[in-house]
Amino acid sequence: MWKYFGTFVNALAVICGGSIGLALRRRGKRAGSASKRDPLPDTMMACLGLCTIFAAASGLLSPESGKQAIVVVASMVLGLLIGYALRLDDRISALGDHLVKKVGGDANQANPAAGFVTACLLFCIGSMTILGAFEGARNPAGALDLNCHTTLLIKSLLDFVSSTCLAVTYGASVLASAAFVVLFQGGLTLLASFIQPFLEQINALPMVNCVGSLILLAIAMNLLGIRRTKTADYLPALFLPILICWMLGLIGVRL
């Protein structure tokens, strides 16, 4: 079970940060509109968007050749078409509405479904999530090795701040994303335990990391209000580099 240590710490950080954000949200409402300063949630969301761009920057440099860059582009385009056909963003939004009711959220406040989707994607998509899951999978049985969880522990600190910012704007729906963190990151760690040797053999990890970073940029654009896009529709793109690299390997193309 120690291989999931980083994931559970990450989920706890989301809950703690989100709870602080809810407290700040209630305090802001009690304060009313007496202050003429710019709204804090707007400023915080802009800061979060900039930090998200920073988090994505390193992953964008993952491809080491033109062929790997082509795989990334193909994965993004095909992944979007698959996600659009499956209506992933709409379905995840509907799930967010359902969970909001379970945690006592108010559907009339700041689009809580959008908060759930944004939080889930922000906390679970990107190179830190993927690399952290694969690091955790290397934790030996029966003992805790913190060296195997460094990435997810750092990510937990970032998500603590992020969940505070998101909860100020979106409310209780952000807390529900902690369950998604456990399921998604825990599932990735379990999967990594079985397929990591295969991914290293076909050299797919750099392209998977880059696709995750591009999705992070799309999230940052949403947070900054540059352009609204259904980011959940890109989720299939995360797994397409694995399929493409495997198929290219079958015909003798080295990446």
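Reckoned from all heavy atoms, side chains included, excluding hydrogens, waters and symmetry mates.
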Side-chain contact test, heavy atoms from C-beta onward, threshold under 4.5 Å: evaluate it for Tyr170 versus Leu22 and give yes or no.
-> no
If you group Ile, Leu, Val, Met, Phe, Trp and Tyr by side-chain heavy-atom gaps below 4.5 Å, do Leu190 and Phe134 land in one group?
-> yes
First locate atom CG of Leu153, then atom CG of Leu158, and finally report the distance between them rounded to the nearest 0.5 Å.
-> 11.5 Å
Hey, any chance Ile53 and Val72 share a hydrophobic cluster, counting ILVMFWY side chains that come within less than 4.5 Å of each other, even indirectly?
-> yes
Nearest-0.5 Å distance that lies between atom CG in Leu199 and atom CG in Leu191 = 7.5 Å
Is there side-chain contact between Val182 and Phe8, with at least one heavy-atom pair below 4.5 Å?
-> yes
Is Ser163 reaching over with its side chain to a backbone N or O of Phe160, donor-acceptor style, under 3.5 angstrom?
-> yes
Applying the 4.5 Å side-chain criterion to the ILVMFWY set and letting contacts propagate, would Leu80 and Ile70 be lumped into a single cluster?
-> no
Determine the minimum heavy-atom distance between Ile215 and Tyr234, stating which atoms define it.
-> CD1-O, 3.6 Å
Close side-chain approach of Glu135 and Leu152, heavy atoms under 4.5 Å = no
Measure the spacing between CG of Leu214 and CD1 of Ile219 and express it to the nearest 0.5 Å.
-> 11.5 Å
Pairwise distance OG1(Thr7) to CD(Gln185) - rounded to 0.5 angstrom = 4.5 Å
Just how far is it from atom CG of Leu183 to atom CG of Leu188, taken to the nearest 0.5 Å?
-> 11.0 Å
Mind listing the closest non-hydrogen atom pair of Gly186 and Tyr4 along with its distance?
-> O-CE2, 3.3 Å
Considering non-hydrogen atoms only, spot the tightest contact between Asn139 and Lys3 and give its length.
-> CB-CA, 3.9 Å
ILVMFWY cluster, Val77 and Ile82 together (side-chain gap under 4.5 Å) | no
May I ask you to test the Cys245-Asn203 pair for a side-chain heavy-atom distance under 4.5 Å?
-> no
Heavy-atom side-chain contact between Met207 and Leu240 under 4.5 Å | no
Could you walk me through whether Val174 and Thr164 pass the side chain to side chain contact (heavy atoms under 4.5 Å, CB included) check?
-> CA-CA 9 Å; Val174 175; Thr164 301; over 6 Å; no
Answer with yes or no whether the hydrophobic clustering places Leu81 together with Ile242; edges join I, L, V, M, F, W, Y residues whose side-chain heavy atoms lie under 4.5 Å apart.
-> no
Check: Asn222 main-chain N/O paired with Arg227 side-chain donor or acceptor under 3.5 Å | no
Taking the side chain as every heavy atom from C-beta outward, state whether Pro206 and Pro63 have any pair of such atoms under 4.5 Å apart.
-> no
Which heavy atom in Val211 sits nearest to a heavy atom in Ser75, and how many Å separate them?
-> CG2-CB, 4.1 Å
Nearest 0.5 Å, what's the CG-CG distance between Asp159 and Asn10?
-> 4.5 Å
Would you say Trp2 and Cys148 make side-chain contact, with heavy atoms under 4.5 Å?
-> no
Could you give me the CA-CA distance, side-chain angles and deciding distance for Leu217 and Ser213, then say whether side chain to side chain contact (heavy atoms under 4.5 Å, CB included) is met?
-> CA-CA 6 Å; Leu217 280 181; Ser213 296; over 6 Å; no
Could you check Leu121 against Leu235 for side chain to side chain contact (heavy atoms under 4.5 Å, CB included), going step by step and ending with a plain yes or no?
-> CA-CA 9 Å; Leu121 294 178; Leu235 286 177; 3.7 Å; yes
Is any side-chain heavy atom of Lys230 closer than 4.5 Å to a side-chain heavy atom of Asp233?
-> yes
Which heavy-atom pair separates Cys124 from Val181 by the least distance, and what is that distance?
-> SG-CA, 3.7 Å
Worked check of side chain to side chain contact (heavy atoms under 4.5 Å, CB included) between Thr129 and Lys155 = CA-CA 8 Å; Thr129 297; Lys155 177 178 176 292; 3.0 Å; yes
On a heavy-atom basis, the closest approach of Ala192 and Ala133 is CB-O, 4.2 Å
